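Contents: one structure, followed by commentary.
All values below come from the heavy atoms of this structure, side chains included, with hydrogens, waters and symmetry mates left out. Only a predicted model underlies this, so the values are computations on that prediction, with no experimental measurement involved.
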Amino acid sequence: QVQLAESGGGLVQAGGSLRLSCAASGRSISTSVMGWFRQAPGKERDFVAAISWSGMYIRYADSVKGRFTISRDNAKNTVYLEMSNLKLEDTAGYYCGLSQGPWATRTRQTYDYWGQGTQVTVSS
């Protein structure tokens, strides 16, 4: 069993930056695909970014390309999401997930474990 804990969320002005972390415990994530998703109130949990176990394969949602960067440090059992040029529409709860499948997938149902989330609020 693995536990995921997100941190780093907060209130930021539009155009600002935040760095989210997802720390795993209970087992190593070094051979797992990791992803970030976000969910606004009343909406579905949407894909943001995913990274393969090696870091070689990365995918982003079109809405965050060029602004967000996903990375991982397997030695620290941690995944990161660097967010820059934040927009009002980036406001959401951000969740990291672990997929036991082989691909850096954007499909929410392929992720087996989730953290509790961290709130990001972008103000004007």
Side-chain angles (χ1 to χ4, degrees):
Q1 193 80 357
V2 62
Q3 292 79 44
L4 303 175
E6 302 92 338
S7 61
L11 176 64
V12 63
Q13 285 192 319
S17 301
L18 280 175
R19 186 197 201 201
L20 306 184
S21 298
C22 172
S25 60
R27 54 163 265 201
S28 171
I29 63 168
S30 62
T31 59
S32 300
V33 168
M34 300 296 296
W36 284 97
F37 287 70
R38 65 186 181 186
Q39 187 169 18
K43 295 192 174 182
E44 297 279 321
R45 187 171 295 188
D46 292 330
F47 171 75
V48 175
I51 186 168
S52 64
W53 68 269
S54 66
M56 184 175 296
Y57 300 102
I58 289 176
R59 302 181 74 171
Y60 293 102
D62 288 344
S63 58
V64 307
K65 275 182 185 175
R67 300 189 298 120
F68 290 12
T69 302
I70 188 172
S71 63
R72 65 191 298 158
D73 185 336
N74 287 337
K76 294 184 178 180
N77 229 27
T78 302
V79 179
Y80 304 98
L81 187 69
E82 296 269 5
M83 306 186 295
S84 62
N85 191 21
L86 283 160
K87 303 177 180 181
L88 296 179
E89 53 264 40
D90 295 319
T91 294
Y94 282 71
Y95 298 84
C96 71
L98 181 151
S99 172
Q100 299 184 106
W103 309 113
T105 174
R106 63 177 65 228
T107 304
R108 175 169 49 90
Q109 289 78 5
T110 61
Y111 287 80
D112 306 287
Y113 297 95
W114 295 95
Q116 293 298 307
T118 186
Q119 179 67 31
V120 172
T121 303
V122 184
S123 65
S124 59

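Met34 and Val2 end up in the same hydrophobic cluster when Ile, Leu, Val, Met, Phe, Trp and Tyr side chains are linked at under 4.5 Å. At a threshold of 4.5 Å between side-chain heavy atoms, the hydrophobic network of Ile, Leu, Val, Met, Phe, Trp and Tyr places Ile58 and Leu98 in one connected group. Hydrophobic clustering (side-chain heavy atoms under 4.5 Å, transitive across Ile, Leu, Val, Met, Phe, Trp, Tyr) groups Leu81 together with Ile51. Criterion: ILVMFWY side-chain heavy atoms under 4.5 Å apart, direct or through other members. Under it, Leu4 and Val48 are part of a common hydrophobic cluster. Under the 4.5 Å side-chain heavy-atom criterion for Ile, Leu, Val, Met, Phe, Trp and Tyr, Tyr60 and Met56 are members of distinct hydrophobic clusters.
The heavy-atom pair separating Trp36 from Ile70 by the smallest distance is CD1-CD1, 3.6 Å. Summarising the geometry of Lys43 relative to Gln39, their closest heavy-atom pair is O-NE2, 3.1 Å, with the distance given to 0.1 Å. Thr78 and Ile29 get closest at one heavy-atom pair: N-CD1, 4.0 Å. The minimum heavy-atom distance between Thr110 and Thr107, with the atom names listed, is OG1-O, 2.6 Å. Among all heavy-atom pairs drawn from Ala50 and Tyr111, the shortest one is CB-OH, 3.4 Å.
Aromatic ring pairs are classed by plane angle as parallel below 30°, tilted from 30° to 60° and perpendicular above 60°; the pair Phe68 and Tyr94 is tilted.
The side-chain heavy atoms of Thr69 and Tyr80, taken from C-beta on, include no pair separated by under 4.5 Å. Between Arg108 and Trp114 the shortest side-chain heavy-atom distance falls below 4.5 Å. Between Arg38 and Val120 there is no side-chain heavy-atom pair separated by less than 4.5 Å.
Looking at Ser99, its side chain does come within 3.5 Å of a backbone N or O of Gly101 through a donor-acceptor pair. A distance-only check finds no donor-acceptor pair linking the side chain of Gln100 to the backbone of Ser32 [under 3.5 Å]. The closest donor-acceptor contact from the side chain of Ser30 to the backbone of Ser28 lies at 3.5 Å or more, if one exists at all. No donor-acceptor distance shorter than 3.5 angstrom exists from the side chain of Ser52 to the backbone of Val33, with no hydrogens or angles considered. Under the 3.5 Å distance criterion, the side-chain polar atoms of Glu6 are matched with a main-chain donor or acceptor of Cys96. Under a 3.5 Å cut-off, the side chain of Asn77 and the backbone N or O of Ala23 do not form any donor-acceptor pair.
Of the inter-residue distances, the one linking Ser124 atom OG with Leu88 atom CG reads 5.5 Å to the nearest 0.5 angstrom. Taking CZ of Arg72 as the reference point, atom OG of Ser54 lies at 8.0 Å (rounded to 0.5 Å). For the atom pair CD (Gln13) and OG1 (Thr121), the distance works out to 13.0 Å, reported to the nearest 0.5 Å. Note that CD of Gln119 is 7.5 Å distant from OG1 of Thr91, once rounded to the nearest 0.5 Å. If you take CG on Leu18 and CD on Glu82, they are separated by 9.5 Å, rounding to the nearest 0.5 Å. Within the model, atoms CZ of Arg59 and CG of Asp62 stand 10.5 Å from one another, a figure rounded to the nearest 0.5 Å.
Counting heavy atoms of neighbouring residues, nucleotides and ligands inside a 6.0 Å radius, atom CD of Glu44 does not exceed 12 of them.
Both cation-pi conditions hold for Arg45 and Tyr95: the charged atom is under 6.0 angstrom from the six-membered ring centre and inside a 45 degree cone around its axis.
Under the 4.0 Å criterion applied to side-chain N and carboxylate O atoms, Lys87 and Asp90 are not assigned as salt-bridge partners.
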